Amino acid sequence: MQRVVERDKLLETCRQLKADYEMLTDIAGVDNFGEDPRYEVVYHLYSFQKHEYLRLKVKVPEDDMIMDSLVSVWKTADWHEREVFDMFGIRFRNHPNLKRILMWDGYPYYPLRKDFPLAGIQTELPEYAEDAGKAEAANMLGGPFFGGTGTTSSREREPRQYDTPAEQQEKLKS
Amino acid sequence: MATRYEMEMIDSAARAHQAFEEELHGEKLIVNMGPSHPSTHGVFRMVLELDGEEITNCWPEIGFLHRGDEKIAENMTYTQFIPYTDRLDYLAPLANNVAYAYAVEKLCGIDVPVRCKYIRVICAELARISSHLLGIGAMSMDIGAMTVFLYTFKQRELIYDLCETICGARLTTSYTRIGGLANDMPESFIPMCRKFIADLPATIDETDKLLTRNKIFIERNKDIAVLSREDAINYGATGPILRGSGVEHDLRKANPYGGYENFQFDIPTGTVGDCMDRYLVRMEEMRQSIRIIQQALDSMPGGEWNAPEAKIVLPEKQAVLTKMEELIHHFINVTQGINAPVGEVYFGAENPKGELGFYIVSKGGGTPHRLKIRAPSFVNLQLVPLLCKGHMMSDTVAILGSLDFVMGECDR
């Protein structure tokens, strides 16, 4: 079962639904890059009586990425919402502790957005990891893992083991 | 109750010490626990606020093992992601493989043959036993009962042998495929598995004798971290934690998948919701898993183990090398991945630690548009501040042990 909910009606809807669907199982953010509204937040509720899930979808436009927090309805929403904030940058109104959960505090990007590269972006590490230097973008060795077919030759598409990126460039040219 | 005496201290140094203590009275102490602490079973950090020995507040911190699995999943085919599921709950990799395969099959709308389902049931239940054996062993070791850990680890070793027999790997199994299995279950597996489940109850009974009525174990666990039924649901707890709090909810019974409706088993539940109940639920679940495996072995059907879906299931290697059609399917499946329909599914499986859910959004093609992993440990760990508050510092190891989490799936 699936239902699309207006962003400002979410809190009220969930309060009513809680009588039937006792448990909030999951909150997932989805980035539909190139569509409008760009983001979606998907809630999965579970009913112990009916043994079924209910999927609630809320559309979030890119220019106004804020919505109501469900922590007042379900305590479990706390970490789920922090994760959505951490990965997509969607903010939750009235959240008791809205800060990054998987990435470190002060990390400047939102990694699960579609415009964030798979390899990552070079970033300063937090102060307490002073000696660690920087978080570097991964060497993709010509990746990504799956490059489709027909676009380029498999030699350019697939990851190959080279010692340095320069060596890789040289091999590709020859 | 001991009688207390007020004593006059003549020693000036002692008097100074007393004054020092009185002045500090009421000040809270902040203690950092982890990220590398033996009882946190991985890299989990807790900052505890202590009033004497009592925990007044607790702030858990996760993310030290974050590898970006969900981002990686968006850039590879469905089949390529199977090895990554081994590394979610690495104490029960077979159960993760099974859950992921069912999720993608639900998306594609295909059904697997009964033999495949039964083999998957055996795999998932072996994984459950393996996870609970470690959970109970590690929990008892943390609170001082070293012996149990050694006994349970010996049995886990035999489960690894079984994994090796069935799929060739001990830890990184990657046994399932979309629409089937990597290979059929070998004949030699059945007698091995029968012997294992015949011997296992002795170890469980031994553990039972060593722990369940052990005075020290009871004192460390009884009425510690009581989780009410309402709180368990409110915090989204699943698995043995939810059942320990008295909620009779098991996805294998509530939303039967993968042939679980054909098996007889009971769902153990607790009454109090303390650490002891969670331990007892795990003990009983292992016995029920043995029952399920026994039934699956007895009624194991023959026949195909892969779904008859040429465009989704990888064909047999021998056929690929000799037949044109199979070669084409193999080539397309490997280079482009399966052509999944547009749509979205959520599939929740009852894993040893709780409900492992995969929410897959597909826009067609070989790669998922979004793959969200609903990890049971991630959700269950939210309970830590609630459960720790008001208990002694030394109880944290019992509480963490009874939650039985694994950071691989929590941080993803």
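Each chain gets a letter, A, B and so on, in the order the sequences are listed, and its residues count up from 1. No experiment lies behind these values; they were computed from the predicted model shown.
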Sub-4.5 Å side-chain heavy-atom contact between [X] and [Y]:
X: A:V42; Y: B:R370; result: no
X: A:N32; Y: B:K363; result: yes
X: B:I233; Y: A:W74; result: no
X: B:L251; Y: A:Y46; result: yes

**Report entry** Check against salt bridge (charged side-chain N to carboxylate O under 4.0 Å, His left out), A:K114 and B:E74
**Finding:** CA-CA 9 Å; A:K114 288 284 175 184; B:E74 291 172 10; 3.1 Å; yes
Query - Choice from A:M87, A:E52, A:E22, A:K57 maximising heavy atom contacts with chain B below 4.5 Å - result: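 Of A:M87, A:E52, A:E22, A:K57, A:K57 has the most heavy-atom pairs under 4.5 Å with chain B.
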With a 4.5 angstrom heavy-atom cut-off, could you sort out which part of [X] is near chain B: side chain, backbone, both or neither?
X: A:R113; value: backbone
X: A:F116; value: both
X: A:K99; value: neither

Query raised in the report: Which of the residues B:L386, B:L65, B:D411 is involved in the greatest number of heavy-atom pairs with chain A at under 4.5 angstrom?
Result: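 Of the options given, most contacts go to B:D411.
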Query raised in the report: Taking B:E344, B:E70, B:R412 one by one, which has the highest count of heavy-atom pairs under 4.5 Å against chain A?
Result: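 Most pairs with chain A among the choices: B:E344.
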Just by modelled atom types, is the [Y] backbone N or O under 3.5 Å from a matching donor or acceptor in the [X] side chain?
X: B:K71; Y: A:P117; result: no
X: A:D78; Y: B:Q382; result: no
X: B:H66; Y: A:I101; result: no

Roughly how far, to the nearest 0.5 Å, is [atom2] of [Y] from [atom1] of [X]?
X: B:F347; Y: A:Y53; atom1: CZ; atom2: OH; value: 8.5 Å
X: B:E355; Y: A:M23; atom1: CD; atom2: CE; value: 5.5 Å
X: B:Y235; Y: A:K75; atom1: OH; atom2: NZ; value: 4.5 Å
X: A:L102; Y: B:E61; atom1: CG; atom2: CD; value: 11.0 Å

**Report entry** Crowding at CZ, B:R67 (>12 non-hydrogen neighbours, <6.0 Å)
**Finding:**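 It does: B:R67 CZ has more than 12 such atoms within range.
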Query - Over 12 foreign heavy atoms within 6.0 Å of CD, B:E261 - result: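 Yes, CD of B:E261 has more than 12 neighbouring heavy atoms, counting only those of other groups under 6.0 Å.
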Query - B:Y346 to A:R55 - nearest heavy-atom pair and separation - result: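 The pair with the smallest heavy-atom distance is N-NH2, 3.4 Å.
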Requested in this report: Check the pair A:K18, B:N234 against side-chain contact (heavy atoms from CB on, under 4.5 Å), reporting the backbone distance first and the verdict last.
Outcome: CA-CA 10 Å; A:K18 202 187 174 186; B:N234 199 2; 4.2 Å; yes
Query raised in the report: Going through the checks in order, is the salt bridge (charged side-chain N to carboxylate O under 4.0 Å, His left out) test met by B:K372 and A:D26?
Result: CA-CA 9 Å; B:K372 164 83 208 252; A:D26 186 30; 3.1 Å; yes
Report task. Please look at B:I373 and chain A and tell me whether the side chain, the backbone, both or neither of the residue comes under 4.5 angstrom of a heavy atom of that chain. Result ->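 Neither the backbone nor the side chain of B:I373 comes within 4.5 Å of chain A.
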Requested in this report: Examine whether an atom of B:F378 lies under 4.5 Å from a heavy atom of chain A, and if so say whether it belongs to the side chain, the backbone or both; otherwise answer neither.
Outcome: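 Both parts, heavy atoms under 4.5 Å.
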Query raised in the report: Taking the six-membered ring for Trp, are B:H249 and A:F48 parallel (under 30°), tilted (30 to 60°) or perpendicular (over 60°)?
Result: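 Answer is perpendicular, since the angle exceeds 60°.
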